[in-house]
Number of protein chains: 2
Amino acid sequence: MFIRTPADLGAIIKDNRKRLDLDQAGLAERVGVSRQWIVGIERGRARAELGLVLRALDVLGIKLNTIEPASLENAPSSPDIDAIVAASRKSST
Amino acid sequence: MFIRTPADLGAIIKDNRKRLDLDQAGLAERVGVSRQWIVGIERGRARAELGLVLRALDVLGIKLNTIEPASLENAPSSPDIDAIVAASRKSST
DNA sequence: TACCATTGTCAGCGCTCGCTGACAATTACA
DNA sequence: TGTAATTGTCAGCGAGCGCTGACAATGGTA
């Protein structure tokens with residue numbers, strides 16, 4: 001599963017929480033956050049804290065890894081950065 | 001490259017920024033954040049916003065994917081959650 | 001040496017996070 | 001039907017983010 005947006009991540013967290021048969025309160029306790037935070041992240045809150053997100057993934061047993069272009073001399077970067085930025089800027093919650 | 005901590009992510013971002021021959025200001029502009037933010041994230045700021053981080057990875061051409069336990073009936077979860085939480089709690093930056 | 005680009009850090013500011021505590025809506029079950 | 005569990009939402013609060021603007025190190029080059 002690839003992650004491009006906070007919503008993607010929220011879906012993953014929710015799925016895996018259910019897989020583990022945990023309710024929001026249970027996951028919150030294990031991660032060390034409030035239930036509120038779980039609600040927010042599962043709904044795709046964009047401004048959630050990175051550290052907490054990583055902890056949640058860890059608790060759920062989800063490994064996160066990057067697929068980097070490695071060392072391609074002349075960078076392809078991303079297709080159209082402006083579009084990505086423009087689109088991302090709108091996503092508030 | 002696996003990501004477990006904000007510092008891991010910072011290192012990845014820094015490496016890839018240099019791979020693309022970008023300075024902090026250049027990357028900041030492309031991502032749509034301040035140069036300050038780049039400085040922070042590369043140093044492992046734990047409380048950075050998820051959405052901005054994802055955008056930075058996108059701009060750098062880094063794909064993020066999860067390796068989930070998929071549907072293992074009885075959850076293995078993570079080894080020792082308490083230790084993870086305790087350790088993570090300290091990382092403030 | 002002097003100059004320039006890059007990086008790291010500071011202060012101040014507005015805004016939103018994540019928290020607690022509480023309550024309604026939904027679902028499942030006796 | 002009534003009860004309990006789960007989930008979503010609200011208000012209020014302290015704390016820290018990310019921003020601008022500025023300045024000091026550092027490193028490379030003429």
Side-chain angles (χ1 to χ4, degrees), chain A residues 5-60 75 77 81-82 84-93, chain B residues 5-60 75 77 81-82 84-93:
Chain A
T5 69
D8 292 342
L9 209 107
I12 292 173
I13 288 179
K14 188 168 193 173
D15 287 351
N16 280 268
R17 173 174 65 78
K18 297 201 166 181
R19 175 177 58 77
L20 297 180
D21 235 340
L22 282 171
D23 57 17
Q24 294 176 340
L27 176 57
E29 186 183 7
R30 282 171 174 72
V31 178
V33 298
S34 67
R35 187 175 65 84
Q36 276 284 8
W37 188 88
I38 302 295
V39 172
I41 206 67
E42 290 189 352
R43 305 203 69 195
R45 179 178 294 296
R47 306 191 57 181
E49 292 183 11
L50 173 63
L52 299 183
V53 171
L54 294 181
R55 248 159 61 194
L57 293 178
D58 217 337
V59 167
L60 290 170
S77 181
I81 291 170
D82 293 332
I84 293 171
V85 171
S88 308
R89 275 212 167 283
K90 295 174 185 174
S91 66
S92 52
T93 292
Chain B
T5 68
D8 292 341
L9 209 108
I12 291 173
I13 288 179
K14 188 168 193 172
D15 287 350
N16 279 269
R17 173 173 65 78
K18 296 204 166 179
R19 175 177 58 77
L20 297 180
D21 235 340
L22 283 171
D23 58 17
Q24 294 176 339
L27 175 57
E29 185 183 8
R30 281 170 175 72
V31 178
V33 298
S34 67
R35 188 175 64 85
Q36 276 284 5
W37 188 88
I38 302 294
V39 173
I41 207 66
E42 290 189 351
R43 305 203 70 194
R45 179 176 296 293
R47 307 191 57 183
E49 291 183 12
L50 173 62
L52 299 182
V53 171
L54 294 181
R55 248 160 60 195
L57 293 178
D58 218 337
V59 167
L60 290 170
S77 180
I81 291 169
D82 294 332
I84 293 171
V85 171
S88 307
R89 274 210 169 287
K90 296 174 185 173
S91 66
S92 53
T93 294

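Protein chains get the first letters and strands the later ones, always in sequence-line order, with residue 1 at the start of each. For the numbers below, each heavy atom of this structure counts, side chains included, while hydrogens, waters and symmetry mates do not. Note that this is a predicted model, so its numbers are computed, not measured.
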Taken in chain and number order and not counting sequence neighbours, the residues that satisfy side-chain contact (heavy atoms from CB on, under 4.5 Å) with Glu49(B) are Arg47(A), Leu52(B)

From CG of Leu52(A) across to P of dA15(D) the rounded distance in Å is 17 Å

Residue set satisfying side-chain contact (heavy atoms from CB on, under 4.5 Å) with Ala25(A), at least two apart, ordered chain then number -> Asp23(A), Arg35(A)

Tell me what Ala48(B) touches on the nucleic acid: a base, only sugar-phosphate, or nothing, going by heavy atoms under 4.0 Å.
-> sugar-phosphate

TODO: For the pair Arg45(B) (side chain) and Leu50(A) (backbone), establish whether a donor and an acceptor sit closer than 3.5 Å, ignoring hydrogens and angles.
DONE: no

Rounded to whole Å, the NZ-P distance (Lys14(A) to dT6(D)) equals 15 Å

In whole angstroms, the gap separating C1' of dG16(D) from CH2 of Trp37(B) amounts to 16 Å

Which pairs, protein N/O on one side and nucleotides 22-30 of chain D N/O on the other, fall under 3.5 Å?
none

Are side-chain heavy atoms of Leu9(B) and Ile13(B) found at a separation under 4.5 Å? yes

Assign each of Ser34(A) and Gln24(B) the nucleotide of DNA chain C bearing its closest heavy atom; nearer the 5' end lies the nucleotide of Gln24(B)

In short, Pro6(B) meets Gly51(A) closest at the heavy-atom pair CG-CA, 4.1 Å

To the nearest 10 degrees, the angle between the two end axes of the helix from dT1(C)-dA30(D) to dA30(C)-dT1(D) (five pairs per end) comes to 40°

Note: Ala48(B) and Val53(B) closest approach over all heavy atoms is CB-CG2, 4.2 Å

Partner of Asn16(B) under side-chain hydrogen bond (donor to acceptor under 3.5 Å, both in side chains), picked from Arg19(B), Lys14(B), Lys18(B), is Arg19(B)

Rounded to whole Å, the CG-C1' distance (Leu27(B) to dG8(C)) equals 16 Å

Rounded to whole Å, the CD1-P distance (Ile38(A) to dC19(C)) equals 9 Å

For nucleotides 12-15 of chain C, print each protein N/O atom paired with a nucleotide N/O atom at under 3.5 Å, atom names and distance only.
none

5'-most contact on DNA chain C (nearest-nucleotide basis), Glu49(B) vs Val39(B), goes to Val39(B)

When rounded to whole Å, the CZ to P distance for the pair Arg43(B) and dT6(C) reads 19 Å

Residues Ile38(A) and Gln24(A): closest non-hydrogen pair is CG1-O, 3.8 Å

Hits for side chain to side chain donor-acceptor pair (under 3.5 Å) against Asp8(A), two or more places apart or cross-chain, chain-then-number order -> Thr5(A)

In terms of heavy-atom contacts, Leu22(A) and Arg30(A) come closest through CD2-NH1, 3.3 Å

Here the distance between atom C1' of dG8(C) and atom CD of Glu42(B), to the nearest Å, is 11 Å

To the nearest angstrom, the CD1-P distance between Ile41(B) and dT7(C) comes to 16 Å

**Request:** Check step by step if side-chain contact (heavy atoms from CB on, under 4.5 Å) holds for Leu27(B) and Leu60(B).
**Result:** CA-CA 8 Å; Leu27(B) 175 57; Leu60(B) 290 170; 3.8 Å; yes

